[in-house]
**Student:** 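For reference, the structure I am asking about is given below.
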Amino acid sequence: MDRRKMRAASLAAGGVILAAFGLSLGSGTASAATLDCSARGQDQTIVDGSSACRAVADPSSYAISHVEGDGVGVADSRDGGRSAGVGLFGGVAAAESRGGLLAAVAYGPGSLALGRTDSSPFAVVLSGPGGRAAVGDADVGAICSGGPTLVFNIATGQGCFSDGTSTWVTP
């Protein structure tokens with residue numbers, strides 16, 4: 001499969017998974033802790049009980065993090081990058097972008113989504129309950145394990161998907 005078809009397939013799969021995560025968010029229960037951090041040229045940290053968010057960005061970048069229900073979200077952007085870290089209902093997510101766009105979303109207990117990219121136009125890391133997902137540059141690749149996960153990096157064409165039993169990986 002050529003690189004353009006692989007990227008298109010990754011985008012389509014990502015859209016389906018993002019829609020599924022969005023639908024599951026709408027059916028969640030109310031949470032005691034909802035935190036939002038955002039930064040442009042600053043560092044903002046909020047801790048409330050077992051929930052925490054942090055956003056760090058230089059003046060040319062933007063970072064946001066959102067937390068609900070005892071999650072943790074961290075976003076760090078530099079060199080014109082944009083990043084989002086979203087930890088929901090026990091999930092832990094961290095995103096670090098240098099000149100690109102990166103989103104990390106962890107939903108549910110025991111879920112972990114980590115991402116770090118340098119100048120990738122777009123990368124996403126999603127994990128569901130019990131899932132572990134990570135994305136890096138070409139040398140690190142995409143990692144999916146545990147529960148439901150999805151990772152893709154447009155710059156490298158690398159990605160993976162796990163349903164909790166089987167895992168599929170693009171080169």
Side-chain angles (χ1 to χ4, degrees), residues 14-118 120 122-137 140 142-153 160-164:
V16 169
I17 298 299
L18 285 172
F21 270 94
L23 290 174
S24 68
L25 294 178
S27 63
T29 58
S31 166
T34 298
L35 306 176
D36 291 297
C37 294
S38 63
R40 177 174 290 231
Q42 62 183 7
D43 182 338
Q44 181 182 26
T45 303
I46 300 172
V47 177
D48 183 359
S50 58
S51 297
C53 70
R54 183 175 187 204
V56 181
D58 67 19
S60 68
S61 306
Y62 189 71
I64 61 170
S65 63
H66 176 79
V67 173
E68 287 194 39
D70 297 331
V72 176
V74 178
D76 183 338
S77 298
R78 310 275 183 216
D79 305 323
R82 306 285 186 260
S83 64
V86 180
L88 305 169
F89 307 105
V92 176
E96 182 180 322
S97 175
R98 301 296 181 255
L101 178 63
L102 173 62
V105 179
Y107 175 80
S111 65
L112 175 66
L114 301 172
R116 183 182 190 284
T117 63
D118 292 322
S120 177
F122 179 71
V124 67
V125 184
L126 305 172
S127 69
R132 303 281 189 263
V135 68
D137 294 320
V140 174
I143 301 165
C144 292
S145 67
T149 56
L150 172 74
V151 174
F152 65 94
N153 184 339
C160 59
F161 171 77
S162 174
D163 62 6

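What you see below is based on every heavy atom in this structure, not just the backbone, and it leaves out hydrogens, waters and symmetry mates.
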**Student:** Of all the heavy-atom pairs spanning Ser51 and Ala33, show the shortest one and how long it is.
**Tutor:** OG-CB, 3.4 Å
**Student:** Identify the two heavy atoms, one from Ser162 and one from Cys144, that lie closest to each other, and give their separation to 0.1 Å.
**Tutor:** CB-CB, 4.0 Å
**Student:** Taking all heavy atoms of Val56 and all of Arg78, pick out the closest pair and write down the distance.
**Tutor:** CG1-NH2, 3.3 Å
**Student:** Under the criterion side-chain contact (heavy atoms from CB on, under 4.5 Å), I'd like the reasoning laid out for Thr149 against Ser127: C-alpha separation, chi angles, the key distance, then a yes or no.
**Tutor:** CA-CA 4 Å; Thr149 56; Ser127 69; 3.9 Å; yes
**Student:** Shortest non-hydrogen contact from Val151 to Ala133?
**Tutor:** CG2-CB, 3.7 Å
**Student:** Ignoring hydrogens, what is the shortest heavy-atom contact between Leu102 and Ser97? Give both atom names and the distance.
**Tutor:** CB-CB, 4.1 Å
**Student:** Arg132 and Ile143: side-chain contact (heavy atoms from CB on, under 4.5 Å), yes or no, with the steps?
**Tutor:** CA-CA 8 Å; Arg132 303 281 189 263; Ile143 301 165; over 6 Å; no
**Student:** Please evaluate residues Phe161 and Phe152 with respect to the criterion ring-ring contact (aromatic ring centres under 6.0 Å, His included), reporting the C-alpha separation (whole Å), side-chain torsions for both, the decisive distance (0.1 Å), and the verdict.
**Tutor:** CA-CA 9 Å; Phe161 171 77; Phe152 65 94; over 10 Å; no
**Student:** Enumerate, atom names and distances included, each donor-acceptor pair closer than 3.5 Å involving a side-chain atom of residues 81-94, sequence neighbours excluded.
**Tutor:**
| unit_1 | atom_1 | unit_2 | atom_2 | d |
| --- | --- | --- | --- | --- |
| Arg82 | NH1 | Ser60 | O | 3.3 |
| Ser83 | OG | Asp76 | N | 3.3 |
| Ser83 | OG | Asp76 | O | 3.4 |
| Ser83 | OG | Ser77 | OG | 2.6 |

**Student:** Out of the candidates Thr34, Ile46, Asp36, Val47, only one should pair with Cys53 under the side chain to side chain contact (heavy atoms under 4.5 Å, CB included) rule; please name it.
**Tutor:** Ile46
**Student:** Under a 3.5 Å distance rule, please check whether Ser61 uses its side chain to pair with a backbone N or O of Ala57 as donor and acceptor.
**Tutor:** no
**Student:** Working to the nearest 0.5 Å, report the span between CD1 of Ile64 and CZ of Arg40.
**Tutor:** 11.5 Å
**Student:** With the side chain counted from C-beta on, respond yes when Ser65 and Val74 share a heavy-atom pair under 4.5 Å apart, and no when they do not.
**Tutor:** no
